[in-house]
Amino acid sequence: MKEIENIELTYLNVSDYEELKKAMISAYTSMPDAYWRENQIQTLIHRFPEGQVVIKVNNQIAGCALSLILDYEQFDDLHTYKEITGNYTFNTHQPDGNVLYGIDVFIKPEFRGLRLGRRLYDYRKELVERLNLKGVVFGGRMPNYHKYAAGLSPKAYIEKVKRKEIDDPVLNFQISNDFHPTKILKNYLDGDTDSNEYAVLMEWDNIYYEKKNKKANTVKKVVRLGLIQWQMRSYKNLDELMQQAEYFVDAVSGYRSDFALFPEFFNAPLMAENNHLSEPEAIRELAKHTPSIVQKFSELAISYNINIITGSMPEIKEGTLYNVGYLCKRDGTKERYEKLHVTPDEAKVWGMQGGTEFRAFDTDCGKIGILICYDSEFPELSRLLADEGMDILFVPFLTDTQNGYSRVRNCARARAIENECYVAIAGSVGNLPKVHNMDIQFAQSMVFTPCDFAFPASGIKAEATPNTEMILIADVDIDLLRQLNQFGSVRNLRDRRKDLFELHKKSPGSIN
């Protein structure tokens with residue numbers, strides 16, 4: 001260490017060949033003839049100069065990394081080294097391919113222990129991100145496997161290495177650099193007797209990869225949320241209520257929000273005109289307004305260029321009363337969602353039934369989920385949505401007491417952590433003295449995040465003032481979720497013990 005004056009990562013040059021050859025011979029002592037010929041190095045540099053790098057210590061080659069870009073779909077997962085390299089001609093390299101395939105990486109023995117290999121792997125990862133490739137793939141050697149081959153299969157050997165029961169310096173190093181083994185490759189590299197000619201197919205996924213899209217539109221990475229903390233007040237009619245709704249849509253769209261989230265049953269004030277009826281009759285009268293409200297919200301979504309989550313409202317379908325909402329997208333399309341778990345009060349007072357269908361929704365800001373109030377207190381639902389790729393969970397709610405609000409708040413906060421997603425909750429405040437069963441409301445709208453270094457330590461991105469009519473604007477970065485999934489202090493989704501339990505969604509037709 002005291003003798004090191006400089007360390008430099010640089011592109012491989014043809015003039016480096018003789019030094020490179022000597023470095024390879026010293027690195028692969030068990031395969032003395034395993035070095036690249038000069039014409040092969042010339043070909044690699046000519047076809048893909050960015051993929052060939054060396055690391056120099058005091059201007060002396062200490063290590064090297066060579067790679068190709070491949071259209072990986074053209075190869076079987078059980079390929080050989082000869083197939084990948086086109087029988088060492090490198091004619092398999094395709095500049096418009098989708099993965100970076102590592103064909104060689106080594107560090108000279110006297111320079112090992114300086115974490116120089118990590119620098120080479122980090123360069124490959126950065127190159128993959130810059131070129132928008134799916135990831136890095138290579139066949140990893142198992143140089144100590146020959147010592148255990150008589151008693152262990154390659155799979156058993158890898159498991160023992162992962163559990164630190166066996167030391168394999170190459171495999172351990174690759175796993176510690178976030179590569180994961182996916183398959184055993186038999187007869188991979190001719191002459192690799194140390195590995196019994198086996199290799200492990202190692203992969204690193206580029207979390208920023210974007211599939212090339214021929215359409216002009218792109219999925220946003222930083223998404224702005226507009227939460228509407230709605231004041232319950234008397235309205236003369238539907239037009240007056242929707243004027244207030246448009247006011248808030250206008251307000252959040254003025255800040256260029258991508259979503260506007262309304263609370264559960266925000267239209268309940270309209271029941272005042274039917275307060276002379278029984279509660280079940282009054283809410284069924286309210287349900288008659290739902291088609292008009294949805295149509296108006298769809299028009300607002302288009303004209304204000306914003307995706308609107310309509311909270312929820314009663315709807316009668318085939319004679320049954322449901323609590324539903326609509327995602328009105330700015331492209332004019334609409335998606336329907338249902339409250340699956342109705343509260344005892346909703347069932348007892350109104351005769352409301354729980355829905356049966358739920359799923360994640362595709363939007364121009366990625367995949368989102370929507371759970372109405374009580375549904376957020378059932379962790380299985382959000383976990384299933386997370387398995388479908390949900391990045392943001394929206395929870396429109398209505399609670400009358402602090403107890404009820406605390407249940408929604410605390411459960412929503414937990415959903416953000418366990419599903420590595422953002423959770424936005426929006427509720428109503430105030431009171432409705434002329435509407436039975438809807439007397440008082442308590443709310444504090446909030447945006448929750450996972451709890452890790454890239455996020456607020458409290459897991460709270462933004463919070464409204466309790467019990468005050470207002471809007472809440474917050475930006476959420478989707479790329480931070482990708483980083484969390486791969487490199488977080490804890491990784492809740494990746495670390496699930498699927499060998500012990502599983503969770504799956506039944507088809508609607510199979511529900512009794």
What heavy-atom pair brings Y123 and E50 nearest, and what distance separates the two atoms? OH-O, 2.6 Å
Full working for side chain to side chain contact (heavy atoms under 4.5 Å, CB included) between R413 and I460: CA-CA 8 Å; R413 200 171 182 180; I460 300 173; 3.8 Å; yes
F448 and I425, any side-chain heavy atoms less than 4.5 Å apart: yes
Step by step, work out the side chain to side chain contact (heavy atoms under 4.5 Å, CB included) result for L225 and L227. CA-CA 6 Å; L225 311 181; L227 280 56; 3.9 Å; yes
Check whether the ring centres of F397 and Y374 lie less than 6.0 Å apart, and answer yes or no. no
Any salt bridge between D258 and R224, counting N to O under 4.0 Å? no
Crowded around F501 CZ? As in, over 12 foreign heavy atoms under 6.0 Å? yes
Taking only residues two or more places apart in sequence or in another chain, which ones pass salt bridge (charged side-chain N to carboxylate O under 4.0 Å, His left out) with E377? none
Taking 4.0 angstrom as the limit, do K134 and E203 come out as a salt bridge? no
Under the salt bridge (Lys or Arg N to Asp or Glu O under 4.0 Å) definition, can you give me all pairs with a residue in residues 443-472, not counting sequence neighbours? R233-E469
Tell me, with the steps shown, if N307 and D364 meet side chain to side chain donor-acceptor pair (under 3.5 Å). CA-CA 9 Å; N307 301 299; D364 57 358; 3.1 Å; yes
So, do Y209 and W204 have ring centers that fall under 6.0 Å from each other? no
From D391 atom CG to L393 atom CG, the distance as rounded to the nearest 0.5 Å: 11.0 Å
Test: K288 and E285 ion pair at under 4.0 Å: yes
Before giving the answer on side chain to side chain contact (heavy atoms under 4.5 Å, CB included), spell out for V99 and I69 the whole-Å C-alpha distance, their side-chain angles and the decisive distance to 0.1 Å. CA-CA 6 Å; V99 301; I69 295 177; over 6 Å; no
Under-4.0 Å salt bridge between D331 and K329: no
Close aromatic pair by centroid cut-off 6.0 Å: F262 and F297: yes
Pair K505 + E380, salt bridge at N-O below 4.0 Å: no
Under 4.5 Å between any side-chain heavy atoms of P269 and V435, yes or no? no
SB check R359 E357 (cutoff 4.0 Å): no
Evaluation steps, ring pair (Phe, Tyr, Trp, His ring centres under 6.0 Å), between Y101 and F75: CA-CA 12 Å; Y101 198 102; F75 295 89; 7.7 Å; no
List the residues meeting salt bridge (charged side-chain N to carboxylate O under 4.0 Å, His left out) with K317, not counting sequence neighbours, and say none if there are none. none
For the atom pair NE2 (H79) and CG (L70), what is the distance rounded to the nearest 0.5 Å? 8.5 Å
Quick one: does I184's side chain get under 4.5 Å of I158's, heavy atoms only? yes
Minimum heavy-atom distance S445-L472, with the two atoms named: O-CD2, 3.5 Å
T399 side chain to F442 main-chain N or O, any donor-acceptor pair under 3.5 Å? yes
Check: D168/Y157 side-chain N/O donor and acceptor closer than 3.5 Å: yes
Pair R482 + D205, salt bridge at N-O below 4.0 Å: no
Set of residues satisfying salt bridge (charged side-chain N to carboxylate O under 4.0 Å, His left out) with respect to E299, sequence neighbours excluded: none
Would you tell me whether Q295 and S298 have side-chain atoms, one donor and one acceptor, within less than 3.5 Å of each other? no
R415 vs E420, test: salt bridge (Lys or Arg N to Asp or Glu O under 4.0 Å). Steps then yes/no. CA-CA 8 Å; R415 302 298 86 87; E420 299 174 358; over 6 Å; no
Pair K221 + E210, salt bridge at N-O below 4.0 Å: yes
Check whether any side-chain heavy atom of V170 lies under 4.5 Å from a side-chain heavy atom of Q174, and answer yes or no. yes
Flag side-chain contact, heavy atom, 4.5 Å: I392 against C421: no
Determine the minimum heavy-atom distance between G226 and V252, stating which atoms define it. CA-CG1, 4.1 Å
Residues 240-251 side chain polar contacts: donor-acceptor under 3.5 Å, at least two apart:
residue: E240; atom: OE2; partner: K236; partner atom: N; Å: 3.1
residue: E246; atom: OE2; partner: Y304; partner atom: OH; Å: 2.9

Given the rule in the side chain to side chain donor-acceptor pair (under 3.5 Å) test, do N323 and E315 qualify, once you have shown the distances and angles that lead to the verdict? CA-CA 6 Å; N323 186 351; E315 184 177 74; over 6 Å; no
Less than 4.5 Å apart, any side-chain heavy atom of K334 and any of V294? yes
Side-chain contact test, heavy atoms from C-beta onward, threshold under 4.5 Å: evaluate it for Q444 versus M446 and give yes or no. yes
I would like to know whether Q483 and Y208 meet side chain to side chain donor-acceptor pair (under 3.5 Å); could you show each step before the answer? CA-CA 9 Å; Q483 294 176 18; Y208 304 112; 2.4 Å; yes
Rounded to the nearest 0.5 Å, how far apart are CG of L327 and CD1 of I308? 9.5 Å
Could you state the interatomic distance from OG1 (T182) to NE2 (H180), rounded to the nearest 0.5 Å? 6.0 Å
Nearest 0.5 Å please: distance from the CG atom of L238 over to the CG atom of N267. 8.5 Å
Under 6.0 Å between ring centres: does that hold for F259 and F394? yes
If I compare all heavy atoms of F173 with all of G117, which pair ends up nearest, and what's the gap? CZ-C, 3.4 Å
Can Q441 and S428 be counted as having a side-chain donor-acceptor contact under 3.5 angstrom? no
Heavy-atom nearest pair, P263 first then P396, reads C-CB, 3.9 Å
Test of understanding: with salt bridge (charged side-chain N to carboxylate O under 4.0 Å, His left out), list the residues that count as partners of E346, not counting sequence neighbours. K339
CD1-CG distance between I293 and L300, expressed to the nearest 0.5 angstrom: 11.5 Å
Do N410 and Y405 pass the side chain to side chain contact (heavy atoms under 4.5 Å, CB included) test, and can you show the C-alpha distance, the side-chain angles, and the key distance before you say yes or no? CA-CA 9 Å; N410 293 333; Y405 167 70; over 6 Å; no
Please assess R491 against N485 for the test side chain to side chain donor-acceptor pair (under 3.5 Å), listing each intermediate value before the final yes or no. CA-CA 6 Å; R491 295 171 292 187; N485 181 260; over 6 Å; no
Within 6.0 angstrom of E502 CD, more than 12 heavy atoms from elsewhere: no
